[in-house]
Amino acid sequence: MKVIRLDSEERRRAIIEAALPLFARKGFAGTTTKEIAEQAHVSEALVFKHFPSKQALYQAIMLSGSDGDPAFERLDALPASTEGLVTMIHMMVTYFLRPDIENSVDPCIRIRLKMNSFLEDGEFVRLAAEWVTHRIYPKFAACFEAARQSGDLVASPAAPSNLFWFSEHLATMLATVHLPTQRTIPYEGPAEAIVEHAVWFILRGLGLKDTAILNYVRPAQTCVQPTLLSQPH
């Protein structure tokens, strides 16, 4: 095997980029450090030097592509408001279903990592959930509370954190069923329409009132006619 001379940061990046598709395809248990080293064109000893444990490599994979990602910068800039909540949900669904326009790192690989993790020990999912709880959830909580104080939400028996995870799970599952190249679920409409309908579905589930949806979500964006929202229930 030819070993390419790289600096320390380049080696780390090469190892992460090599491990991602291998873990996504074969799972952690089915992937060897020898395979990762060969794919990254580094020695196996260097893999252990940079990532002495599975947790260390998983954490690096989760952070890869996040630092400096414009999507996270826009997330941080969102105001704590009803409009911020709507925008955040739209960003989350788009992130999973339209990676071509929302982020530079294909989330399909991470979806496959999650699926394999569920079938193994769940460690990657637990670490990912911890990261999301500390990195993403606080913005959701602030926006949700602002929407509640503004009177834009109906009361719900569910904790805001559970509502957040319900929303994330829907977006993740939508991405999962779109992983095969051949369509598996007979959704109606193009990808952009499915995104907008999922956003509308989640906002309703969060308890956002119809008036707030009409105020903060453009009709063309939701693909939902305003008359449908104004009908009595």
Side-chain angles (χ1 to χ4, degrees), residues 9-10 12-21 23-24 50-51 55-115 117 123-147 160-176 178-179 191-192 194-196 198-203 205-206 208 216-218 221:
E9 185 57 36
E10 288 174 332
R12 280 181 57 85
R13 187 165 57 250
I15 294 169
I16 293 170
E17 291 176 354
L20 264 169
F23 285 162
H50 288 284
F51 304 102
Q55 186 177 42
L57 184 51
Y58 271 174
Q59 288 175 334
I61 287 174
M62 283 186 296
L63 293 175
S64 66
S66 299
D67 296 335
D69 191 321
F72 289 105
E73 293 178 3
R74 292 199 301 276
L75 177 68
D76 291 336
L78 288 177
S81 63
T82 303
E83 184 175 10
L85 179 65
V86 170
T87 302
M88 184 174 186
I89 295 301
H90 196 277
M91 288 177 63
M92 179 176 68
V93 176
T94 305
Y95 177 88
F96 285 110
L97 289 182
R98 296 297 305 277
D100 55 315
I101 61 175
E102 187 54 70
N103 54 287
S104 57
V105 178
D106 189 349
C108 291
I109 291 180
R110 288 181 171 80
I111 296 297
R112 294 181 187 278
L113 277 169
K114 281 188 174 183
M115 295 302 103
S117 180
E123 181 66 10
F124 179 78
V125 175
R126 281 190 290 272
L127 289 173
E130 290 176 6
W131 183 85
V132 170
T133 297
H134 290 93
R135 180 66 177 81
I136 307 297
Y137 176 71
K139 175 63 70 173
F140 173 89
C143 290
F144 186 89
E145 177 60 21
S161 59
N162 284 348
L163 292 174
F164 170 80
W165 285 114
F166 294 156
S167 303
E168 194 272 347
H169 292 162
L170 175 60
T172 301
M173 184 51 64
L174 282 170
T176 301
H178 282 84
L179 286 176
E192 57 268 21
I194 295 173
V195 168
E196 308 307 343
V199 169
W200 176 80
F201 186 87
I202 290 173
L203 292 175
L206 292 177
L208 201 65
Y216 297 109
V217 184
R218 298 188 302 275
Q221 187 180 47

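Remember, predicted model here, so these are calculated numbers, not experimental data.
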Could you go through Ile111 and His178, starting from their C-alpha distance and side-chain angles, then the distance that decides it, and tell me whether this counts as side-chain contact (heavy atoms from CB on, under 4.5 Å)?
CA-CA 11 Å; Ile111 296 297; His178 282 84; over 6 Å; no
Going through the distances and angles, do Phe140 and Leu85 end up as a side-chain contact (heavy atoms from CB on, under 4.5 Å)?
CA-CA 7 Å; Phe140 173 89; Leu85 179 65; 3.6 Å; yes
Starting from the C-alpha separation in whole Å, work towards a yes-or-no answer on ring pair (Phe, Tyr, Trp, His ring centres under 6.0 Å) for Phe72 and Trp131.
CA-CA 13 Å; Phe72 289 105; Trp131 183 85; 5.8 Å; yes
Step by step, work out the side-chain contact (heavy atoms from CB on, under 4.5 Å) result for Phe164 and Leu206.
CA-CA 8 Å; Phe164 170 80; Leu206 292 177; over 6 Å; no
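In this structure, Cys143 and Pro79 approach most closely via the heavy-atom pair SG-O, 3.4 Å. Residues Leu163 and Ser167 come closest through the heavy atom pair O-OG, 2.8 Å. Scanning both residues, Ile16 and Ala60, for their nearest heavy atoms gives CD1-CB, 3.7 Å.
To the nearest 0.5 Å, the span separating CE on Met92 from OG1 on Thr87 amounts to 12.5 Å. Note that the CD atom of Glu196 and the CG atom of Leu97 stand 10.5 Å from one another [nearest 0.5 Å]. Interatomic distance, CG of Leu20 versus CZ of Arg112, reported as 12.5 Å (0.5 Å rounding). Note that CE of Met91 and NZ of Lys139 are 10.0 Å apart. Values are rounded to the nearest 0.5 Å. A distance of 8.0 Å separates CZ of Phe23 from CG of Leu113, quoted to the nearest 0.5 Å. Atom CG of Leu57 and atom CZ of Phe124 lie 9.5 Å apart (nearest 0.5 Å).
Proximity of Val217 to Val199: side-chain heavy atoms (C-beta onward) are nowhere separated by under 4.5 Å.
The pair Lys114-Glu123 fails the salt-bridge criterion, with no side-chain N (NZ, NE, NH1 or NH2) lying under 4.0 Å from an Asp/Glu carboxylate O.
Listed for the Arg110 side chain is a donor-acceptor partner under 3.5 Å among the backbone atoms of Ile61. Side-chain atoms of His169 come within 3.5 Å of backbone atoms of Trp165 as a donor-acceptor pair (strictly under, hydrogens ignored). Remark: the backbone N or O of Val132 is not paired with any side-chain donor or acceptor of Tyr137 at under 3.5 angstrom.
With 3.5 Å as the limit, one finds a donor-acceptor pair spanning the side chains of Thr172 and Glu168.
Contacts of Glu130 classified as salt bridge (Lys or Arg N to Asp or Glu O under 4.0 Å), with partners at least two apart in sequence or in another chain: none.
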